[in-house]
Structure formats: C-alpha cells, structure tokens
Enquirer: 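Would you mind keeping the following structure in view while I ask a few things?
Just so we're on the same page: letters track the sequence lines, and every chain starts at 1. Every value quoted in this text rests on a predicted model; they were computed, and no experiment measured them.
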Number of protein chains: 2
Amino acid sequence: MKKISDSTVRRMSQYYRSLSRLIEQSVQTISSEKMAQIENITSAQVRKDLSFFGSFGKRGLGYNTVELKTKIGEILGLDHQWNVAIVGAGNIGRALTDYTEFNRQGFFIGTVFESDTSKIGTQCNGVDIVDIEKAKINYKKKAIDIIIIAVPAKHAQAVCEQFVNLGVRAFLNFAPISLQVPDNVVVKNENMSVEIESLSFFLRNG
Amino acid sequence: MKKISDSTVRRMSQYYRSLSRLIEQSVQTISSEKMAQIENITSAQVRKDLSFFGSFGKRGLGYNTVELKTKIGEILGLDHQWNVAIVGAGNIGRALTDYTEFNRQGFFIGTVFESDTSKIGTQCNGVDIVDIEKAKINYKKKAIDIIIIAVPAKHAQAVCEQFVNLGVRAFLNFAPISLQVPDNVVVKNENMSVEIESLSFFLRNG
DNA sequence: AATTGTGAACCTCTTCACAGCT
DNA sequence: AGCTGTGAAGAGGTTCACAATT
C-alpha cells in the first residue's frame, strides 16, 4: 500500500466516529461536503483521504453511511479485538480503565501494571492491578497488542523499553516526554501539557 | 508577528519540558543537535523553530539552558497564571484535577462544573464542584481563561457554546467530536480514540 | 573547531478544478 | 444536475548547506 500520512489516518478515525453518530440519527447517505462541514475541513480533503483506500461513494449521491463506516472500520483494524494493558495505576491510568469509548471500539483493557505494592492485587473498574515484575508472564497470557504508558516521565522510557523487549510494537504515551524506540515500533503521544501550552500561546499572541 | 505554525508551537512546548529536565540535571548548555536527539527530530528543525522568535544561541557554543527555558516560557505565556475550569466531573475531569503537570506550569484549576446534583457541592482533590447553571457568575468571579471540556460527546458542543457566549476563547476538548467555534476562539483536541485507532491502523498495516 | 541562523531547495500535504459517473 | 475521484497546482513545513560568529 502507498504510504498513508498520519493526518489522513487521524481524519479517518474522525470520519468513523462521525459516521457512528450519523447512523444513530438514521442518516443513510452523506456527501463529502456535509462530512467536511462536520469536521471543519474541505470536501476535497475528505474525498482525497478516502481515495487512498478505494472508491466508496456514488457520483451524484454521496456515501452510504453504514457501508462507509464498515469500510473505515476494516481499514483502521476496528473489526478486531486489540488487547491493551495500562502501565501505572495513578489518576490517568485508573480513569482510562473506565473510558468506555475504548471498549466500544474493540480495545480491551485486560491489565493494569503497577509497582506500588499497596495497589497490586486490587482491582480498578474490574481490571486487575498486577505487579509490573510479572509483565513477562502476563504479556504472553494476555497476548498484549498495545501498551498505554501512564507513569511519571522519569519512568516512561524504562517502561517502554521493557515492553519493546517483550515484543510490543504499539504504545500510547501519556508521559510528557519523547520516547526513543526502534523503527518497527510506533508511539502515539497524548501530551496534555503540549495542548494546554498551545492554548496559552494563542491567548498571549493570537 | 509572522504566522507561527501549530507544529512549531507544539515543539516549543516540548523543548520547554526537555529544558526543565536538563536544568534539573545541572546541564548548562545544549546544542541544537543534542536537543534534536532528545526530541527525535533534526537539528535544523530546532534552529528554525527558535529562529521564528529570535536568536537565543551562541555560535560555536549552543544555547544556555536556563536562558532558553525562560525565553520559551515567555513566548508560550507560562510566566503568567492562567485560570482553568473543567466541565464534567467524570473520570477524566476528576483525574485532571490532580494532574500536577498543569499546576506546575501555571495552569490553575479553580472549578469543576457539573450538572449531576449528587456531585454538586462536593470537592475533588480540593477543587469545588459547582453547578453548571452557575457558570456565568463563576466565570466573572474566577476570570476563567481556559475551559477543559470533559463531558460526553453529545453535550460537548452545547457546553462549548455556553462558554464562548460568556467570553472564553480557549478550550481543551476531551470529547471525541469536532467542535464548531467562531474564528477568534481556539480549540485543542485531546482525542484518545484517534490516537489509539492510529495504533490499530499501524498494527494492521505498518 | 564548533555551532548558530537562514535563504534556497525540497518534499509533503492540501486545495483546485474538471472529467467521469450515476 | 449532482457529486465523486483524481491529476495538477498551490501552500506550507522540513531539510540542506553554508556564511557568520564565538
């Protein structure tokens, strides 16, 4: 497949979510122009994004919402259950165990790893909190696909390396630090400080 | 000032965080090349980003970490306290009241707004949970600069409009939906579903 | 000798504009 | 007539490469 840009993938994910909403509202067809309005982008962008993956529309009519959602789901790999583990049972880690949006899209949070012995052995929203030292055995048993890093910045790199060594290739990083990983591993950052500081910049200069 | 790209602002924010870490480690000087390694980018990118705002380095030597951190702090507006309110006392909203990274950088969370009467009047990590109906009076009293939206997608647009009408110009949106706002208002999205679905795409196609 | 600051080259992503379908 | 799909043009962001400076 041709190289797909990150921005295209992100927008595909947004189309997917908007389509879910449209289907709930019993909308059966949508044009690239309408979709563009929902996402605050241009209609050419919508059509171009979709065109990387195929021809899903009907000229003169638009796109069938249910069909397009299914197609995008397949493209993004959401027709599949992904096993996820969180590292860190702090505020963020615990909040994520109850983030229903993840479960709804096929991301199953099976474990929270922790090093704090007072938390190990307990549960959080029904998810077992497990000793990080048992990561290896747990990794095999649960077939973990994705690790969510929710530990302080100073431990994030070490945690990441530990799971890279076990074979994990996908990380969602909440620690405010840039992780160093091999080429075949992907990290997506959820850096709340960066976003709020961008707002600060805007308020000062915008 | 010349138009600064979003990516440059985000990287400035990352440099700022890396500089804090370097200063803690008593590093006094850093070259663009070293900084680039930390951030996984090129040294030309580091120099170009900084050059939009001035000349902060010394040729042959590099950048003084303390000076550069101060400069970037001013550029980003972090030499100032910003008053922040969260809307929604769910998992994410509550977790954010205890996100120390925010306080450390001058973002002061003064209020959590809620509509659920059983939560109103209580506190979360020392922050009052206030009736959303009292937003107007509270907005004036607290001089709110930034609103963090942590409500379900279906309420996010209405919440946003309510505060836009009160005069808020900066939003950090955790709801997985694209918000429609006037030109003079900025929204930054923290869309965890988008990031994890990008990982799914990578695992399937990468 | 080392490293910055920057115009120019390069590359990537977005938008235009229209042929081609329905 | 209306809307998609797409090659070409345009805009914007990144990297190169080197003169300038310490």
Side-chain angles (χ1 to χ4, degrees), chain A residues 1-15 18-19 22 27-72 75 178 194 198 201 206, chain B residues 1-15 18-19 22 27-72 75 178 194 198 201 206:
Chain A
M1 190 193 295
K2 198 193 295 175
K3 173 78 174 69
I4 305 295
S5 82
D6 227 63
S7 354
T8 291
V9 175
R10 300 168 69 94
R11 282 190 299 266
M12 292 296 279
S13 166
Q14 285 165 336
Y15 303 148
S18 298
L19 286 166
L22 290 166
V27 177
Q28 287 176 15
T29 299
I30 188 161
S31 65
S32 59
E33 185 54 43
K34 282 269 171 57
M35 181 60 90
Q37 282 168 20
I38 292 173
E39 307 290 356
N40 290 313
I41 56 180
T42 65
S43 62
Q45 184 73 82
V46 174
R47 295 197 299 278
K48 181 67 90 181
D49 283 338
L50 296 175
S51 78
F52 291 126
F53 303 99
S55 297
F56 308 124
K58 284 205 177 56
R59 293 168 195 234
L61 296 172
Y63 303 87
N64 177 290
T65 51
V66 174
E67 269 176 31
L68 186 58
K69 184 187 167 188
T70 305
K71 282 290 181 191
I72 296 180
I75 291 163
S178 187
V194 168
S198 299
F201 177 81
Chain B
M1 188 195 296
K2 196 194 298 177
K3 173 75 174 69
I4 305 294
S5 81
D6 227 63
S7 356
T8 292
V9 175
R10 300 169 68 94
R11 282 190 299 266
M12 292 296 280
S13 166
Q14 285 165 336
Y15 303 149
S18 297
L19 286 166
L22 289 165
V27 176
Q28 288 176 14
T29 298
I30 187 160
S31 65
S32 59
E33 184 55 42
K34 282 268 171 55
M35 182 58 92
Q37 281 167 21
I38 292 173
E39 307 290 356
N40 289 313
I41 56 180
T42 65
S43 63
Q45 183 74 79
V46 174
R47 296 197 298 280
K48 181 66 90 180
D49 283 338
L50 296 175
S51 78
F52 291 126
F53 303 99
S55 296
F56 307 123
K58 284 204 175 57
R59 292 170 196 234
L61 295 173
Y63 303 86
N64 176 290
T65 51
V66 174
E67 272 176 30
L68 186 58
K69 184 188 166 186
T70 305
K71 283 289 180 191
I72 296 180
I75 292 164
S178 186
V194 167
S198 299
F201 177 80

Enquirer: Determine which pairs satisfy salt bridge (charged side-chain N to carboxylate O under 4.0 Å, His left out) with at least one residue from residues 42-64 of chain B, sequence neighbours left out, and list them in order.
Expert: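 Only B:Arg11-B:Asp49 qualify under salt bridge (charged side-chain N to carboxylate O under 4.0 Å, His left out).
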Enquirer: Return the value, rounded to whole Å, for the distance between atom CZ of A:Phe56 and atom P of D:dG5.
Expert: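 After rounding, the gap between these two atoms is 9 Å.
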Enquirer: D:dG7 P sits how many Å from A:Phe52 CZ, rounded?
Expert: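 The answer, rounded to whole Å, is 11 Å.
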Enquirer: Anything under 4.0 Å to a heavy atom of chain B counts; send over the first and last such nucleotide of DNA chain C, read 5' to 3'.
Expert: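 Nucleotide range with atoms under 4.0 Å of chain B: C:dA2 to C:dA8.
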Enquirer: Which parts of residues 39-51 of chain B get close to DNA chain C, meaning a heavy atom less than 4.0 angstrom away?
Expert: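 Here the set is B:Arg47, B:Lys48, B:Ser51.
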Enquirer: Test of understanding: with side chain to side chain donor-acceptor pair (under 3.5 Å), list the residues that count as partners of B:Ser178, not counting sequence neighbours.
Expert: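 Listed in chain order: A:Asn40.
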Enquirer: Just verifying a value: how many Å separate B:Phe201 CZ and A:Ser13 OG, rounded to the nearest 0.5 Å?
Expert: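 OG of A:Ser13 is found 11.5 Å from CZ of B:Phe201.
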Enquirer: How far does OG1 of A:Thr8 sit from CD1 of A:Ile75, to the nearest 0.5 angstrom?
Expert: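 Answer for the OG1-CD1 pair, A:Thr8 versus A:Ile75, is 11.0 Å.
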Enquirer: Excluding sequence neighbours, so at least two apart, what forms side chain to side chain donor-acceptor pair (under 3.5 Å) with A:Gln28?
Expert: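 A:Gln28: no side chain to side chain donor-acceptor pair (under 3.5 Å) contacts found.
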Enquirer: So do the side chains of B:Phe53 and B:Met12 get within less than 4.5 Å of each other, counting heavy atoms only?
Expert: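 Side-chain contact under 4.5 Å: yes.
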Enquirer: Taking only residues two or more places apart in sequence or in another chain, which ones pass side-chain contact (heavy atoms from CB on, under 4.5 Å) with A:Ser198?
Expert: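 Partners of A:Ser198 by the side-chain contact (heavy atoms from CB on, under 4.5 Å) criterion, ordered by chain and then number, come out as A:Val194, B:Val9, B:Arg10, B:Lys188.
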Enquirer: Dump every N/O contact between nucleotides 19-21 of chain D and the protein below 3.5 Å, one line per pair.
Expert:
{"from": "D:dA20", "atom 1": "N3", "to": "B:Arg59", "atom 2": "NH1", "distance (Å)": "2.8"}

Enquirer: Please list all pairs passing the salt bridge (charged side-chain N to carboxylate O under 4.0 Å, His left out) test where one or both residues lie in residues 61-71 of chain A, with sequence neighbours left out.
Expert: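 Pairs touching residues 61-71 of chain A that pass the test: none.
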Enquirer: Looking at residues at least two apart in the chain, or sitting in another chain, which of them share a side-chain contact (heavy atoms from CB on, under 4.5 Å) with A:Glu33?
Expert: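 Testing A:Glu33 for side-chain contact (heavy atoms from CB on, under 4.5 Å), a comparison that skips the adjacent residues, returns A:Ser31, A:Gln37, A:Ser43.
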Enquirer: Can you sort out which residues in residues 5-13 of chain A have a heavy atom within less than 4.0 Å of DNA chain D? Ascending by number, please.
Expert: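 Close to the strand, none.
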Enquirer: Rounded to the nearest 0.5 Å, how far does CG of A:Leu68 lie from OH of A:Tyr63?
Expert: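 With rounding to 0.5 Å, OH (A:Tyr63) is 7.5 Å from CG (A:Leu68).
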Enquirer: Name all residues meeting the side-chain contact (heavy atoms from CB on, under 4.5 Å) criterion together with B:Thr65; count only those two or more places apart in sequence or in a different chain, and write none if there are none.
Expert: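 side-chain contact (heavy atoms from CB on, under 4.5 Å) check on B:Thr65 returns B:Leu19, B:Leu22, B:Ile23, B:Val27, B:Ile30.
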Enquirer: In whole Å, what is the span from the CD1 atom of A:Ile30 to the C1' atom of D:dG2?
Expert: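 Distance, rounded to whole Å: 16 Å.
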Enquirer: side-chain contact (heavy atoms from CB on, under 4.5 Å) with B:Thr42: which residues, sequence neighbours excluded?
Expert: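 So B:Thr42 forms a side-chain contact (heavy atoms from CB on, under 4.5 Å) with B:Ala44, B:Gln45.
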Enquirer: If you take all heavy atoms of B:Tyr15 and B:Leu50, which pair is closest and at what distance?
Expert: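 Closest pair (atom of B:Tyr15, atom of B:Leu50, distance): CD1-CD2, 4.3 Å.
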